[in-house]
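Structure first, commentary second.
Just so we're clear, the structure is a prediction, and the values are computed from it rather than from any experiment. Remember, it's 1-based here, ligands and their atoms both numbered in the order they're listed.
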Amino acid sequence: MATLKIGKTEKKLLDASLTALKNAYVLWGFKVGAAVVAEDEQVYEGCNVESWVSGLGTCAERCAVNHAVLHGNRRINELAVVMDACSNSEPRPCGTCLQYISDFSESPQINIVMAKAEKGKILTKTVNVKKLAELFPFPYKK
Ligand SMILES: [Zn+2]
């Protein structure tokens, strides 16, 4: 995975995601934190919240988007997601979240910042930035 140069916003979002990850409610999965910059230019965090009923919980990314919506936002300009390095999965939003992010994104060109974390720190080598359109070229739209 290529390490790309990240700016101030990306750093801020990764830090916020890392903080949110600590509050993740995990029963059988792994901890994930996310953060978005919304149209009001504020950062809103989210963490995954699981349930014993598979599929009933929510991912960190959707939690962060909902957090932004709760504060009156309808668009997001960037998103970061950080997952615990104990997972073998690549750090990236799942298909459901990609659709949800797409529903609320300012444009298909918003940055999605992805990384793993271990012992309370972002693993720099795992940091990756892609455009939403690269990860999710064909969103569903009515
Ligand atoms: Zn997801």
Side-chain angles (χ1 to χ4, degrees), residues 1-4 6-7 9-142:
M1 207 181 287
T3 305
L4 304 177
I6 63 164
T9 305
E10 288 72 33
K11 175 90 177 67
K12 191 163 71 173
L13 283 176
L14 284 171
D15 286 345
S17 301
L18 189 61
T19 303
L21 177 144
K22 291 170 191 155
N23 288 329
Y25 180 72
V26 168
L27 300 170
W28 44 266
F30 49 89
K31 291 185 168 195
V32 184
V36 301
V37 177
E39 60 188 326
D40 65 359
E41 294 173 4
Q42 300 299 305
V43 172
Y44 298 94
E45 314 87 340
C47 64
N48 57 332
V49 182
E50 293 184 343
S51 164
W52 287 120
V53 178
S54 173
L56 189 59
T58 192
C59 297
E61 298 93 314
R62 278 176 286 143
C63 183
V65 170
N66 290 348
H67 187 183
V69 170
L70 169 68
H71 288 269
N73 294 284
R74 293 296 178 265
R75 288 283 171 262
I76 61 163
N77 298 323
E78 187 158 353
L79 176 140
V81 58
V82 173
M83 65 168 58
D84 195 308
C86 74
S87 161
N88 292 324
S89 315
E90 253 191 71
R92 62 156 68 168
C94 73
T96 302
C97 284
L98 286 170
Q99 175 65 46
Y100 208 76
I101 294 163
S102 169
D103 291 345
F104 291 94
S105 65
E106 185 51 43
S107 99
Q109 296 307 315
I110 70 163
N111 282 336
I112 307 291
V113 189
M114 301 159 283
K116 285 190 173 186
E118 197 172 54
K119 293 174 187 156
K121 284 190 176 162
I122 301 286
L123 298 173
T124 314
K125 274 194 299 192
T126 66
V127 176
N128 196 6
V129 184
K130 292 215 182 280
K131 300 291 180 195
L132 175 60
E134 289 180 82
L135 294 172
F136 198 60
F138 302 109
Y140 176 80
K141 260 191 187 145
K142 245 184 160 181

- Message: Is it the case that the side chains of Asn111 and Lys131 hold a donor-acceptor pair, with the cut-off being a distance below 3.5 Å and no angle test?
- Response: yes

- Who are the side chain to side chain donor-acceptor pair (under 3.5 Å) partners of Ser89, not counting sequence neighbours? Ser87

- Query: Side-chain contact, heavy-atom cut-off 4.5 Å: Val69 with Arg74?
  - Reply: yes

- Message: Can you pull out every salt bridge (Lys or Arg N to Asp or Glu O under 4.0 Å) where at least one residue sits in residues 26-47? Sequence neighbours excluded, please.
- Response: none

- Task: Check which protein N, O or S atoms are less than 2.8 Å from the Zn ion (ligand 1) and report how many there are.
- Result: 3

- Which pairs with one or both residues in residues 104-142 pass ring-ring contact (aromatic ring centres under 6.0 Å, His included), sequence neighbours excluded? Tyr100-Phe104

- Is there a side-chain contact between Ile101 and Ile110, using heavy atoms and a 4.5 Å cut-off? yes

